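What you see is a predicted model; the values in this text were computed from it and never measured. A, B, ... follow the sequence lines: proteins, then strands. Residue 1 opens every chain.
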2 protein chains.
Amino acid sequence: MKQSVAKVRRGRRPGTNSTQQAVLDAARARFARDGFTATTIRRVAADADVDASQVMQFFRSKDELFAAVMAIPSTALDLFNTAFEGPDEHLGERVVRAYLSAWEGAPEQSEPLMAMLRGAIVNEQASEHLREFIQSRLMSGAQAGTAPDAALRAGLASSMLVGIVTSRRIIGVPLLVAADTETLVGIIAPAIQQVLVPQPAF
Amino acid sequence: MKQSVAKVRRGRRPGTNSTQQAVLDAARARFARDGFTATTIRRVAADADVDASQVMQFFRSKDELFAAVMAIPSTALDLFNTAFEGPDEHLGERVVRAYLSAWEGAPEQSEPLMAMLRGAIVNEQASEHLREFIQSRLMSGAQAGTAPDAALRAGLASSMLVGIVTSRRIIGVPLLVAADTETLVGIIAPAIQQVLVPQPAF
DNA sequence: GAATTATCTCAACGACTGTTGAGTTTAATG
DNA sequence: CATTAAACTCAACAGTCGTTGAGATAATTC
């Protein structure tokens with residue numbers, strides 16, 4: 001009964017207008033700034049100069065809109081993976097710089113991470129994203145490291161760096177906000193190095 | 001016109017019943033488990049077998065109820081302060097143990113901290129609490145340390161440890177949850193020591 | 001122009017929230 | 001017992017939220 005083998009598409013084509021991208025941009029900024037709960041669909045729609053029901057038609061629900069926002073650009077993920085690979089000598093410094101630059105770079109890269117971080121407490125999807133984010137660091141670390149607890153060490157380092165970013169960008173601890181990147185790297189990098197590549201007792 | 005100097009109190013006395021404490025206990029558990037937004041006054045009231053308006057009469061608003069929950073027992077704060085004081089030799093280990101035990105101890109001590117952590121993203125009061133919590137660590141560190149950036153170093157160490165606790169107790173990263181305390185101390189303590197008491201280059 | 005499909009608008013539903021006010025019951029005083 | 005003030009109950013308000021459905025407008029093909 002189905003007569004639609006290689007059916008020719010008719011009618012208006014989807015996606016030609018940039019409205020959908022405008023909605024996504026507005027949602028990304030809002031979710032990063034206000035978090036998941038405080039961000040309302042009506043507010044996102046107003047930012048994008050669109051009706052609220054329009055947002056619901058593009059993305060089917062608030063959760064799916066949030067999921068679209070959290071889709072981390074692959075370039076950022078590659079940046080992390082390459083940071084973990086390589087020689088052990090300056091591993092700590094490379095990892096620290098990767099985390100700090102990812103959260104302080106252009107909004108298109110930092111906002112999805114901020115949205116994930118802010119949403120991780122109230123939204124199960126964001127929590128799972130962050131969990132996998134740290135887990136994938138663990139895998140990279142397990143490949144590179146030789147010690148049997150290399151995965152655990154990489155996860156702890158990742159948690160520490162996420163804690164520092166949270167204090168700076170979400171909690172806003174004044175002294176940490178005021179500190180410049182080089183000062184932070186100078187203090188943190190040796191500690192992360194110690195976690196990832198344990199020094200023999202001395 | 002005021003005739004109330006040393007007026008004798010009449011009528012029923014407040015606070016004789018333990019209902020108020022039951023409400024506070026229920027609220028503490030809920031805020032720690034579900035966070036600020038997901039915790040509703042009606043739910044807290046149901047947990048304490050009380051009408052919702054009763055909660056509003058005891059504590060004037062949801063924010064004040066939350067503030068009462070976050071009032072950290074002074075014993076926990078003293079535990080942190082004493083951990084930062086003392087000789088530099090095993091400072092890292094003492095501090096790490098203080099953080100881990102505070103978040104894994106009895107509910108009366110850990111739940112206010114969990115409520116603060118979970119609420120810090122959506123509630124301004126919780127965010128300020130956590131900010132001051134880290135700040136007070138900074139002060140303790142500034143007293144003990146000799147380096148000019150001792151306060152910054154103490155703040156970074158505190159952020160790192162909060163990050164680890166968050167990964168374990170809120171995000172629930174499996175490998176970190178499974179790790180036992182002694183293993184964690186063995187890995188983290190040297191790194192925290194490195195942050196607080198920088199080793200000369202070698 | 002007719003048909004088809006997507007974009008967009010408008011109004012409303014149903015559920016849930018914090019909060020309030022009036023009224024009832026209970027304990028403590030004179 | 002009468003009075004006072006607290007503990008407690010019940011019902012409702014006012015606002016916000018995610019979501020839905022019907023219908024108008026616009027683009028694309030035959």
- Sequence neighbours excluded - ring-ring contact (aromatic ring centres under 6.0 Å, His included) pairs with any residue from residues 52-71 of chain A: A/Phe31-A/Phe66, A/Phe36-A/Phe66

- Sequence neighbours left out, what passes side-chain contact (heavy atoms from CB on, under 4.5 Å) with B/Glu182? Give chain and number order. B/Arg97, B/Asp180

- For the residue pair A/Glu85 and A/Asn81, confirm or rule out a side-chain donor-acceptor distance under 3.5 Å. no

Could you pull out all donor-acceptor pairs under 3.5 Å where a side-chain atom in residues 106-113 of chain B meets a protein atom, sequence neighbours excluded?
residue: B/Gln109; atom: NE2; partner: B/Thr75; partner atom: OG1; Å: 3.3
residue: B/Ser110; atom: OG; partner: B/Ala106; partner atom: O; Å: 3.4
residue: B/Glu111; atom: OE1; partner: B/Arg28; partner atom: NH1; Å: 2.8

- Query: Counting only non-hydrogen atoms, which of residues 116-129 of chain A are less than 4.0 Å from DNA chain C?
  - Reply: none

- Task: Answer yes or no: does a side-chain N or O of A/Gln54 lie under 4.0 Å from OP1 or OP2 of C/dT7?
- Result: no

- Message: Would the distance check show the side chain of B/Arg153 and the main-chain N or O of B/Val195 forming a donor-acceptor pair, the cut-off being under 3.5 Å?
- Response: yes

- Taking 4.0 angstrom as the limit, do B/Arg94 and B/Glu89 come out as a salt bridge? no

- Protein heavy-atom contacts under 4.0 Å, written 5' to 3' over nucleotides 15-25 of chain D as B (base), S (sugar-phosphate only) or - (none), form the string --BBBBB----

- Message: Under a 3.5 Å cutoff, is there a donor and acceptor pairing between the side chains of A/Ser53 and A/Asp51?
- Response: yes

- For B/Met56, enumerate each residue passing the side-chain contact (heavy atoms from CB on, under 4.5 Å) test, keeping only those at least two apart in sequence or located in another chain. B/Ile41

